[in-house]
Amino acid sequence: MTKSNRLRTPRVLIAGGAGFIGSHLCDRYVAAGWEVICVDNFHTGTKDNVRHLVGHPRFELVRHDIVEPYMAEVDLILNFACPASPVHYQHNPIKTMKTSVLGTMNLLGLAHRVGARLLQASTSEVYGDPLQHPQTEAYWGNVNPIGIRSCYDEGKRAAETLCFDYHRQHGVDIRVIRIFNTYGPRMAADDGRVVSNFIVQALRGEDLTIYGDGNQTRSFCYADNLVEGIIQFAATTGETGPINLGNDGEFTVRELAEEVLKQVGGKSKIAYMPLPSDDPKCRRPDLSKTKSVLKGWEPTVPLAQGIARTIAYFRESLAETANKPTF
Ligand code: NAD
Ligand code: UDP
């Protein structure tokens, strides 16, 4: 996998490893026998997501901000460090841009120095408010460079550019994935994303806040399916990507709200709120290229099933939070 033929256990650095997706990756790589260095500044992630791994002989948790260089002898780098929900990434947009650009550059520099492969978590946001539907990887996107989502969209686009320039200029072994809306256990209850918002609102008996008329669409992927695709792509040779990763089932935001209401029951209704600016009207991955690269991979968990599992997770985690002593 790397320049040297190491005799030691393979080692992966997971930047953003204490976040929603990153923590599932930590679990999977530890279970597969790797040494895992989880690097996170806990901006949106939490130690709770990886608490069960702390003390494991092949797991190391490091508080570090990837905007600053980090050194470690590793074979694989997974860059998942970046706030992902609009509420979080717009909270400090300059920091979001620094994380995507300077952070990715630092990790690519490390990959170059130690001969590691680097997998970059990019996003369907690189397509912006798409004029092509569904979106293929060949589509260059329709992104506003000066709007409130730009710190994230343009940051991720620049990060992709850096990956390909390090690949062409220095031969760094890169993998770029464009992740479409992913949900599941360990999402933060307060991250403002539509799945977590609707489920938490329904469980609390509050009204579900639909922004706009609810006719905008998204394609929702259950975390386990995404993580499977990531692990497979990280181990693939001879293909840099970018590849789309997600579920190509497409739902309106209103359909999602109705599914959550049906499953949770209770007294919640729908409340319509203003649509934030630059909110994409539709999003669905064309998975043709992905399926030709990842043999046998499929997003297998249907929305209703994934939502049921996510409701069960939030039911438990909200009850735990309510029972925690306050000091
Ligand atoms: P998340 O917010 O749960 O995880 C991000 C993690 O990165 C957090 O643990 C956070 O503390 C950490 N982090 C942020 N800035 C950092 C920095 N400067 N240095 C070190 N750590 C930092 O979000 P997520 O949903 O798990 O997303 C993970 C990655 O996947 C992100 O890069 C995101 O852009 C990408 N992605 C996610 C989705 C999705 O639907 N979940 C979609 C597209 C792309
Ligand atoms: N959304 C909504 N209500 C909410 C949160 C989000 O209607 O409480 C909408 C949002 O405007 C967008 C879609 O749901 O059209 C997905 O939003 P999210 O923040 O989850 O992800 P993104 O917009 O980045 O795809």
Side-chain angles (χ1 to χ4, degrees), residues 14-26 38-47 49-50 62-68 70 78-90 92 95-104 106-107 119-126 129 149 152-153 155-156 159 177-184 186-188 191-201 206-221 223 226-227 230 244-246 251-254 256-257 260 270-283:
I14 306 182
F20 158 47
I21 300 172
S23 63
H24 290 287
L25 288 166
C26 289
C38 168
V39 170
D40 204 297
N41 68 352
F42 307 114
H43 173 36
T44 56
T46 153
K47 285 179 196 161
N49 283 340
V50 288
V62 179
R63 180 191 286 270
H64 178 81
D65 192 313
I66 61 159
V67 164
E68 303 299 331
Y70 181 78
L78 306 177
N79 184 16
F80 283 73
C82 187
S85 97
V87 171
H88 285 160
Y89 68 66
Q90 288 165 25
N92 185 346
K95 177 67 195 226
T96 299
M97 182 64 95
K98 279 187 180 172
T99 295
S100 272
V101 177
L102 301 178
T104 304
N106 284 331
L107 294 178
L119 180 141
Q120 170 66 12
S122 189
T123 167
S124 56
E125 288 285 322
V126 300
D129 191 5
R149 295 174 84 98
Y152 184 72
D153 301 9
K156 288 286 187 179
I177 55 169
R178 293 179 177 160
I179 303 172
F180 284 65
N181 298 62
T182 297
Y183 68 97
R186 301 191 192 150
M187 290 183 90
D191 73 6
R193 288 188 263 199
V194 70
V195 174
S196 40
N197 262 14
F198 285 177
I199 293 177
V200 169
Q201 288 163 340
E206 297 164 3
D207 289 347
L208 273 58
T209 52
I210 287 186
Y211 303 158
D213 59 12
N215 287 326
Q216 70 270 39
T217 67
R218 293 293 186 273
S219 299
F220 299 102
C221 183
L226 180 91
V227 165
I230 294 168
N244 291 333
L245 220 44
F251 296 86
T252 66
V253 164
R254 194 171 337 100
L256 176 72
V260 171
I270 286 175
Y272 289 90
M273 319 268 286
L275 187 69
S277 66
D278 293 337
D279 199 282
K281 284 180 271 308
C282 60
R283 229 188 262 142

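Just so you know, residue 1 is the first one in the sequence shown, and it goes up from there. Every number for a ligand or one of its atoms is a count from 1 in the order of the listing. Please read these numbers as outputs of a predicted model, since none were measured by experiment.
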Could you pull out, from [options], the option with a heavy atom nearest to [atom]?
atom                    : options               : result
atom 44 (C) of ligand 1 : G103, A84, S122       : S122
atom 38 (C) of ligand 1 : I179, N79, V195, L102 : I179
atom 7 (O) of ligand 1  : S23, C82, G19         : C82
atom 37 (C) of ligand 1 : T182, L226, I14, I21  : I21

Name all residues meeting the side-chain contact (heavy atoms from CB on, under 4.5 Å) criterion together with D279; count only those two or more places apart in sequence or in a different chain, and write none if there are none.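 D279 satisfies side-chain contact (heavy atoms from CB on, under 4.5 Å) with R149, Q216, R218, L275, P276 once adjacent residues are dropped.
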
Quick one: which ligand 1 atoms are inside 4.0 Å of a heavy atom on [X]?
X    : result
H43  : 11 (O)
G16  : 6 (C), 7 (O), 9 (O), 12 (C)
H64  : 19 (N), 20 (C)
G45  : 8 (C), 9 (O), 10 (C), 11 (O)
A18  : 9 (O)
F42  : 11 (O)
Y152 : 33 (C), 34 (O), 36 (N), 43 (C), 44 (C)
K156 : 31 (C), 32 (O), 33 (C), 34 (O)

To the nearest 0.5 Å, what is the distance between CG on L107 and CG on L119?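 Here the rounded value is 11.5 Å.
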
F42 side, atom CZ; N49 side, atom CG - distance, nearest 0.5 Å: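 So the CZ of F42 and the CG of N49 are separated by 10.0 Å.
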
Under 3.5 Å, N/O to N/O: give me all the pairs between ligand 2 and the protein, one per line with atom names and distance.
from, atom 1, to, atom 2, distance (Å)
ligand 2, 3 (N), T209, O, 2.6
ligand 2, 7 (O), Y211, N, 2.8
ligand 2, 8 (O), N197, ND2, 2.8
ligand 2, 8 (O), T209, O, 3.2
ligand 2, 8 (O), T209, OG1, 2.9
ligand 2, 8 (O), Y211, OH, 3.4
ligand 2, 11 (O), D279, OD2, 2.6
ligand 2, 15 (O), Q216, NE2, 3.0
ligand 2, 15 (O), R218, NH2, 3.3
ligand 2, 15 (O), D279, OD1, 2.6
ligand 2, 15 (O), D279, OD2, 3.3
ligand 2, 20 (O), V194, N, 2.8
ligand 2, 21 (O), N181, ND2, 3.4
ligand 2, 23 (O), R149, NH2, 3.0
ligand 2, 23 (O), R218, NH2, 3.2
ligand 2, 24 (O), E125, OE2, 3.4
ligand 2, 24 (O), R149, NH2, 3.0
ligand 2, 25 (O), N181, ND2, 2.9
ligand 2, 25 (O), R218, NE, 2.8
ligand 2, 25 (O), R283, NH1, 2.9

Mind checking side-chain hydrogen bond (donor to acceptor under 3.5 Å, both in side chains) for Y272 and listing every partner two or more places apart, or none if nothing turns up?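 Checked Y272 against side-chain hydrogen bond (donor to acceptor under 3.5 Å, both in side chains); matches are R254.
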
Donor-acceptor contacts, no H, no angles, side chain residues 96-104, under 3.5 Å, sequence neighbours left out:
from, atom 1, to, atom 2, distance (Å)
T96, OG1, Y89, O, 2.8
T96, OG1, N92, O, 3.2
T99, OG1, K95, O, 3.0
T104, OG1, N79, ND2, 3.2
T104, OG1, S100, O, 2.5

Considering only non-hydrogen protein atoms, determine which one is nearest to atom 13 (N) of ligand 1 and report residue, atom name and distance to 0.1 Å.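 I find the closest protein heavy atom is N41 OD1, 3.3 Å.
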
If you compare all heavy atoms of N106 against all heavy atoms of I66, which two are closest, and at what distance to 0.1 Å?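 Smallest heavy-atom distance, with atoms named: ND2-O, 2.9 Å.
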
